[in-house]
Colleague: 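Here you go, one structure.
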Amino acid sequence: MSRRFGKRKEENEYASEGDNPPKKASRTDDSDDEDGIIVCEISKNRRVTVRSFGGRIMVDIREFYVKDGKQMPGRKGISLSMDQWNVLREHADEIDEAVAENS
């Protein structure tokens, strides 16, 4: 038995405001990690890249896998906005101290 939350939308109703259905973003740019700058490889399958996504600069820490001889980004990872990256950098000393205490 599945549980549903909220009201069911009628066929001609949309969750977004206005009378038009939400627009689907089409992906015309087939570029993947090639637009990113590989800053460092943490291990064989993990790397840090800086890339632009949706017009925003992101710091991406991600696992990669090989498919058809090509390195592909995996689902395991995190993309940090510049604000998030700066917060992490501001706390680097505290993180180092916590690592040292727990080592």
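Note: hydrogens, waters and symmetry copies are ignored here, and every other heavy atom, side chains too, is used.
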Colleague: May I ask you to check if Arg47 and Phe64 form a cation-pi contact, with NZ or CZ under 6.0 angstrom from the six-membered ring centre and within 45° of the axis?
Modeller: yes
Colleague: Do you know the tightest heavy-atom contact between Arg46 and Glu63?
Modeller: NH2-OE2, 2.8 Å
Colleague: Are Ile42 and Val48 close enough that some pair of their side-chain heavy atoms sits under 4.5 Å apart?
Modeller: yes
Colleague: Once you round to the nearest 0.5 Å, how far does CD1 of Ile78 lie from CH2 of Trp85?
Modeller: 11.0 Å
Colleague: Could you tell me the separation between the CD atom of Glu94 and the CG atom of Leu88, rounded to the nearest 0.5 Å?
Modeller: 11.0 Å
Colleague: So, using side chain to side chain contact (heavy atoms under 4.5 Å, CB included) as the criterion, who are the partners of Val87 when residues are at least two apart?
Modeller: His91
Colleague: Taking the side chain as every heavy atom from C-beta outward, state whether Thr49 and Val39 have any atom pair closer than 4.5 Å.
Modeller: no
Colleague: Please go through Phe53's hydrophobic cluster and name the other residues, only I, L, V, M, F, W, Y counting, with side-chain heavy atoms under 4.5 Å joining them.
Modeller: Met58
Colleague: Show me the donor-acceptor pairs within less than 3.5 Å that the side chains of residues 95-103 make with the rest of the protein, sequence neighbours left out.
Modeller:
{"from": "Asn102", "atom 1": "ND2", "to": "Ala98", "atom 2": "O", "distance (Å)": "2.8"}
{"from": "Ser103", "atom 1": "OG", "to": "Val99", "atom 2": "O", "distance (Å)": "2.6"}

Colleague: If you compare all heavy atoms of Val59 against all heavy atoms of Met82, which two are closest, and at what distance to 0.1 Å?
Modeller: CG2-CE, 3.5 Å
Colleague: Taking all atoms of both residues into account, what is the closest heavy-atom pair of Arg62 and Ser79, and its distance?
Modeller: NH2-OG, 3.5 Å
Colleague: Which value, rounded to the nearest 0.5 Å, describes the distance between Ile38 atom CD1 and Gln71 atom CD?
Modeller: 8.5 Å
Colleague: Using side chain to side chain contact (heavy atoms under 4.5 Å, CB included) as the criterion, list what pairs up with Lys67, not counting sequence neighbours.
Modeller: Tyr65, Met72
Colleague: Hey, are the side chains of Val50 and Ile57 touching, using non-hydrogen atoms and a 4.5 Å cut-off?
Modeller: yes
Colleague: Mind checking salt bridge (charged side-chain N to carboxylate O under 4.0 Å, His left out) for Arg89 and listing every partner two or more places apart, or none if nothing turns up?
Modeller: none
Colleague: Going by the rule salt bridge (charged side-chain N to carboxylate O under 4.0 Å, His left out), which residues pair with Glu41 if we only count those two or more places apart in sequence or in a different chain?
Modeller: none
